[in-house]
Protein chains: 2
Amino acid sequence: MALAQAIMTSLLDADLSGSELARDFEKSMGLFWQASHQQIYQELRKLADKGWLNKREVNQSGKPNKILYGMTQAGREALAQWVFGPTRIQPTKDELLLKLYNLSDDNAEHLVGEISQRREEVMQRLYLYEAIRRRHYDDPANLPVRHKGVYLALELGIHQGEQTLAWCDQALALLATVSGDSQPAR
Amino acid sequence: MALAQAIMTSLLDADLSGSELARDFEKSMGLFWQASHQQIYQELRKLADKGWLNKREVNQSGKPNKILYGMTQAGREALAQWVFGPTRIQPTKDELLLKLYNLSDDNAEHLVGEISQRREEVMQRLYLYEAIRRRHYDDPANLPVRHKGVYLALELGIHQGEQTLAWCDQALALLATVSGDSQPAR
DNA sequence: GCCGCGTATGCAAAAAATTGCATGAGAATC
DNA sequence: GATTCTCATGCAATTTTTTGCATACGCGGC
């Protein structure tokens, strides 16, 4: 399982607390890894126990204290090692596609709604990613090495998002022939 | 969780046994839902207990007996209902992208290998999907209603596969500037 | 001075998925 | 006829994830 590595990767550049990490996982990292705050807090403690992270409490004015975690040397080494290990993909599980397999005259209208909604969501994400690309990754060939990797992940997200938008349009067009044109029995 | 619905959807057209279902989940259904045989067998029994599936044993010559499952009326109704419920996406978790976030001079070469391998795998799947499309979904506008949904799911898989291929090429091109051109310190 | 709100951390039970193995039956091989 | 292979089904332990709270702190309002 790679939640540990996802967290450590987030901590490469900056020390973060559990809640900050949770927010991170909803944004950039969330493109290809997701975790709830409960998962994150538990994993953080495990990693600290292992000696891969160190923790220190930070007093904040106006907010509860937070616990900042940072990578240790051992953590960095373990992470670097992990890159050479086996790679797994856990492909998307998408209930919407499952629902499409159940397309019928009865539910076509409903599914049109769901696809429209999906289109909206994807569009939002796409705006976000494209904004990030414009701001930070204008000139990919001249990025520092590690950031090239980050850039590539972002690229994949953008490409797939665009493709998904196109697909939504195609789907809506095809479904129009189901929910719209079909002659009701008379 | 929607494993139950994924199984029932597979059983819409034909009664299948656990092992047949498991094979199905590796092929067409696997595009957007995956399950191990252990998961499937357990879920099948649960669904039969609920009365959504019926089971009957079938003797096979040359092979062990198998247990065929088929949808009951109650199952069909429950599935039809489910389509109108809330939809969840559990996005891909892809360790390769996580590894890319850790790109360095040390591991660039290794990651080039991994991306090439990914390219190969995606290409294989794409061949499969395109063959299916050519064989069964030549004329999408005139398909029976339900098959239009199946067609759309396939389309999404093909589009995204093609996009992924293009991305692999882009990634390999960018990484060539890391692992290849960089002057080793002397 | 009490109420509700947002932030930050956490526990614990339940559900789901993964890992590793077990069984039995016929077929194939030697 | 013993051994090994593949198919089909399954159990059980463990790990991972999800769900549903719980606590504590300070701020703002009233």
Side-chain angles (χ1 to χ4, degrees), chain A residues 1-7 10-11 15-27 29-30 32-50 53 55-69 85-93 95 98, chain B residues 1-7 10-11 15-26 29-30 32-50 53 55-69 85-95 98:
Chain A
M1 211 264 337
L3 175 57
Q5 283 76 20
I7 288 175
S10 291
L11 294 175
D15 293 2
L16 296 172
S17 71
S19 56
E20 287 162 346
L21 274 166
R23 262 175 260 128
D24 233 53
F25 270 72
E26 275 173 16
K27 288 185 297 178
M29 182 71 57
F32 55 90
W33 211 272
Q34 323 76 44
S36 62
H37 82 263
Q38 289 92 335
Q39 263 181 289
I40 291 167
Y41 282 116
Q42 253 177 280
E43 194 67 33
L44 280 173
R45 255 169 296 135
K46 273 197 228 168
L47 289 172
D49 286 348
K50 264 197 190 167
L53 297 182
K55 55 197 284 187
R56 63 201 155 88
E57 204 166 341
V58 172
N59 283 54
Q60 301 188 108
S61 67
K63 286 180 197 176
N65 296 349
K66 63 182 180 181
I67 300 168
L68 272 191
Y69 290 86
T87 306
R88 292 190 306 175
I89 329 173
Q90 189 200 90
T92 307
K93 289 183 178 174
E95 294 190 5
L98 205 48
Chain B
M1 222 264 339
L3 174 58
Q5 284 76 19
I7 288 175
S10 292
L11 293 175
D15 293 3
L16 296 172
S17 71
S19 55
E20 288 162 346
L21 273 167
R23 263 175 258 127
D24 234 54
F25 269 73
E26 276 172 15
M29 182 71 58
F32 56 90
W33 211 273
Q34 324 77 42
S36 63
H37 81 262
Q38 289 92 334
Q39 262 181 289
I40 290 167
Y41 282 115
Q42 253 177 279
E43 194 69 31
L44 280 173
R45 253 170 297 135
K46 271 196 230 169
L47 290 172
D49 285 348
K50 263 197 192 169
L53 298 181
K55 56 197 285 189
R56 63 203 155 88
E57 205 166 341
V58 172
N59 284 53
Q60 301 188 108
S61 66
K63 286 182 196 174
N65 297 349
K66 63 182 179 180
I67 300 169
L68 273 190
Y69 290 86
T87 306
R88 292 190 306 174
I89 329 172
Q90 187 199 92
T92 308
K93 288 183 179 176
D94 191 337
E95 293 190 6
L98 205 48

Quiz item: Are OP1 or OP2 of dA8(D) and a side-chain N or O of Arg23(B) less than 4.0 angstrom apart?
Solution: yes
Self-check item: Residues which pass side-chain contact (heavy atoms from CB on, under 4.5 Å) with Lys55(B), listed by chain and number, not counting sequence neighbours
Solution: Arg45(B), Ala48(B), Ile67(B), Tyr69(B)
Exercise. Kindly write out the residues that satisfy salt bridge (Lys or Arg N to Asp or Glu O under 4.0 Å) with Glu20(A), not counting sequence neighbours, or none if the list is empty.
Key: Lys66(A)
Quiz item: Atom CG of Leu44(A) and atom P of dT9(C): how far apart are they, to the nearest Å?
Solution: 9 Å
Quiz item: Please give, in whole Å, the distance from dG10(D) P to Leu21(B) CG?
Solution: 12 Å
Quiz prompt | Atom-pair distance (CG on Asp24(B); P on dA8(D)), nearest Å | solution = 13 Å
Quiz item: Atom CZ in Arg56(B), atom CG in Asp15(B): separation rounded to 0.5 Å?
Solution: 5.0 Å
Quiz item: Which residues pass the side-chain contact (heavy atoms from CB on, under 4.5 Å) test with Glu95(A), sequence neighbours left out?
Solution: Ala2(B), Trp33(B), Trp82(B), Thr87(B), Arg88(B)
Self-check item: d(CG, Leu68(B); P, dC7(D)) in whole Å
Solution: 17 Å
Quiz item: Which residues pass the side-chain contact (heavy atoms from CB on, under 4.5 Å) test with Asp94(B), sequence neighbours left out?
Solution: Ile89(A), Thr92(B), Leu96(B), Leu97(B), Arg118(B)
Quiz prompt | nucleotides 10-21 of chain C: protein proximity per nucleotide (B base, S sugar-phosphate only, - neither; heavy atom, under 4.0 Å) | solution = BB----SSBBBB
Self-check item: Residues forming a side-chain contact (heavy atoms from CB on, under 4.5 Å) with Ser19(A), sequence neighbours excluded
Solution: Ser17(A), Arg23(A), Tyr41(A)
Quiz item: Would one find a side-chain N or O of Ser17(B) under 4.0 angstrom from OP1 or OP2 of dA8(D)?
Solution: no
Exercise. Find the distance Arg56(B):CZ to dA8(D):P and express it as a whole number of Å.
Key: 16 Å
Exercise. Find the distance Phe25(A):CZ to dT17(D):C1' and express it as a whole number of Å.
Key: 14 Å
